[in-house]
S.K.: 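Take this structure first; my questions come after.
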Amino acid sequence: MTLASEEAGAFAGFELSQITVGEVSLRVRHGGSGPPLLLLHGYPQTHMMWGQVAGGLAEDFTVVAPDLRGYGDSSKPESVPDHASYGKRAMASDVAGLMHQFGFESFDVAGHDRGGRVTYRLALDHPQAVRRLTVLDIVPTSEAWAHADRSFALDYWHWPFLARPYPFPETLIGHDPEWFFFDSQFGADAPNFRPEARADYVRCARNPAVVHAICEDYRAGATYDRLLDEQDHSAGRRIACPIQVLWGAKGRLGGDYDPLTIWRGWADDVTGEALDSGHFLAEEKPAETLAALRRFHGEGR
């Protein structure tokens, strides 16, 4: 299972592995000791986004940080017509199986951006597995689409763009993926990425299979994932565990939505706060993000 024991910046002492779970092989770093805490990254990143907080969390928790299917050095399954192979249900099943392989049947989880969408789907599909969860800078996928308006079209333009049918976005991005993902779209935030993290993001983004997987992720979000959310919400299914909602006060989410009110429509135990950050909380404000995660996930231990 283990490929190497690497020292990669703040991941010093973590073990790097490639672990097969069902139909996929996931690149995973894990380290620390104590209760299990699963960390899930966002778009267009890899698990390396957690590099500035993972070491601190490992003082209190056993930290497991994978690349989601399709991202980084994890497997890229074949796409299917309804995009379910890149839906959050499949990704949630992957990480539930991953934690089972580590011997954890119940665990805490924190997810940023796309990883946050996997996080709440995990809590809905595997409620017995999730003790507490944190979502960073998101509202549920169906809520985002339901509130789509002029502001959404301008602020979240990449959602409909990436969800366009193959091969339109893949072709355009493929001419210069580094420029598209990290200069054009997130250029103002790029200085917050640690050099080793950005290098990993860029290396992976240059792989056409990763670009296709990212587009499939967003196609699933616009169709398959949204439908699952709407079905669960209509049926009155709610997230049973406590939820912490964190968002960037300098980002778009708080201006476009009322995050706590929206999440209280999905769960009974919801707390949270805005941090003095943009979208990439764990990279822009790692100390504040670490403190918030420690405080919430340390409760009840």
Side-chain angles (χ1 to χ4, degrees), residues 35-43 57 61 64-66 68 84 86-100 104-147 217 220-248 253-254 256-275 281-282 289 292-301:
L37 175 59
L38 173 66
L39 302 178
L40 301 178
H41 67 84
Y43 156 91
L57 290 171
F61 303 94
V64 179
L68 298 170
Y86 286 93
K88 307 313 162 290
R89 172 160 283 170
M91 294 181 182
S93 180
D94 293 343
V95 296
L98 173 68
M99 295 303 279
H100 176 77
F104 302 126
E105 301 302 326
S106 177
F107 50 88
D108 287 18
V109 57
H112 173 257
D113 190 81
R114 308 309 284 181
R117 303 183 191 288
V118 179
T119 295
Y120 78 81
R121 176 48 54 190
L122 180 67
L124 286 166
D125 286 359
H126 305 268
Q128 75 288 348
V130 182
R131 195 190 77 98
R132 301 173 79 82
L133 72 87
T134 299
V135 289
L136 287 84
D137 217 59
I138 67 160
V139 295
T141 302
S142 61
E143 298 279 3
W145 280 112
H147 291 82
D217 175 3
T223 55
Y224 183 81
D225 295 338
R226 181 182 181 182
L227 179 62
L228 290 182
D229 279 7
E230 291 171 348
Q231 289 173 343
D232 284 338
H233 212 40
S234 295
R237 293 186 65 206
R238 293 173 69 79
I239 296 170
C241 68
I243 299 179
Q244 179 189 46
V245 183
L246 301 176
W247 67 96
L253 192 80
D256 291 338
Y257 306 97
D258 181 345
L260 292 179
T261 297
I262 288 177
W263 279 106
R264 285 171 181 149
W266 290 72
D268 295 326
D269 189 346
V270 178
T271 57
E273 61 186 303
L275 302 184
L281 287 79
T289 303
L293 292 174
R294 269 180 164 163
R295 182 173 62 251
F296 178 74
H297 292 281
E299 290 180 9
R301 294 298 188 186

S.K.: Over all heavy atoms of both residues, which pair between Pro36 and Ser106 is shortest? Give the atoms and the distance, please.
M.R.: CG-O, 3.5 Å
S.K.: With Lys88, which of Asp217, Asp125, Thr141 fulfils side chain to side chain donor-acceptor pair (under 3.5 Å)?
M.R.: Asp217
S.K.: If we only count heavy atoms from C-beta on, is the Thr119 to Thr134 side-chain gap below 4.5 Å?
M.R.: no
S.K.: After noting the C-alpha distance and the side-chain angles of Leu57 and Leu39, does the key distance pass the side-chain contact (heavy atoms from CB on, under 4.5 Å) rule?
M.R.: CA-CA 10 Å; Leu57 290 171; Leu39 302 178; 4.0 Å; yes
S.K.: Please check this pair: side chain of Arg238 against backbone of Arg264, looking for a donor-acceptor N/O pair closer than 3.5 Å.
M.R.: yes
S.K.: Tell me every residue that passes salt bridge (Lys or Arg N to Asp or Glu O under 4.0 Å) with Arg226, counting only those two or more places apart in sequence or in another chain.
M.R.: Glu230
S.K.: Are Ile239 and Leu124 close enough that some pair of their side-chain heavy atoms sits under 4.5 Å apart?
M.R.: yes
S.K.: Report yes if some heavy atom in the side chain of Leu133 is under 4.5 Å from a heavy atom in the side chain of Cys241; otherwise report no.
M.R.: yes
S.K.: Any idea how His233 and Trp266 line up, ring-wise: parallel (<30°), tilted (30 to 60°), or perpendicular (>60°)?
M.R.: parallel
S.K.: Can you name the closest pair of heavy atoms from Ala92 and Leu122 and give their distance?
M.R.: O-CD1, 3.5 Å
S.K.: Do Arg131 side-chain atoms and Phe107 backbone N/O form a donor-acceptor pair below 3.5 Å?
M.R.: no
S.K.: Take Asp94 and Leu68 through the test side-chain contact (heavy atoms from CB on, under 4.5 Å) and record every step on the way to the result.
M.R.: CA-CA 8 Å; Asp94 293 343; Leu68 298 170; over 6 Å; no
S.K.: For Ala292 and Leu246, which heavy atoms make the closest approach, and how far apart are they?
M.R.: CB-CD1, 3.9 Å
S.K.: Could you check if a side-chain atom of Val95 sits within less than 4.5 angstrom of a side-chain atom of Pro66, using non-hydrogen atoms only?
M.R.: yes
S.K.: Would you sort out whether His112 and Leu40 count as a side-chain contact (heavy atoms from CB on, under 4.5 Å), showing the intermediate values?
M.R.: CA-CA 6 Å; His112 173 257; Leu40 301 178; over 6 Å; no
S.K.: What closest approach, in Å, do Leu293 and Ala110 show between heavy atoms, and which atom pair accounts for it?
M.R.: CD2-CB, 4.1 Å
S.K.: Looking at Asp225 and Arg121, is any side-chain nitrogen of the basic one under 4.0 Å from a carboxylate oxygen of the acidic one?
M.R.: no
S.K.: So, for Pro259 and Leu253, which heavy atoms are closest and what is the spacing to 0.1 Å?
M.R.: CG-CD2, 4.0 Å
S.K.: With Asp108 as reference, evaluate Gln244, Arg132, His297 under the side chain to side chain donor-acceptor pair (under 3.5 Å) test and give the passing residue.
M.R.: His297
S.K.: Could you pull out the closest heavy-atom pair between Val139 and Arg117, with the gap in Å?
M.R.: O-NH1, 2.7 Å
S.K.: Are any non-hydrogen side-chain atoms of Thr289 and Leu136 less than 4.5 angstrom apart?
M.R.: yes
S.K.: Using a 4.5 Å cut-off on heavy atoms from C-beta on, say whether the side chain of Tyr257 contacts that of Glu143.
M.R.: no
S.K.: Go through the steps to decide whether Trp145 and Thr223 satisfy the test side-chain contact (heavy atoms from CB on, under 4.5 Å), and finish with yes or no.
M.R.: CA-CA 10 Å; Trp145 280 112; Thr223 55; over 6 Å; no
S.K.: With a 6.0 Å cut-off on ring centres, are Tyr120 and Trp263 close enough?
M.R.: yes
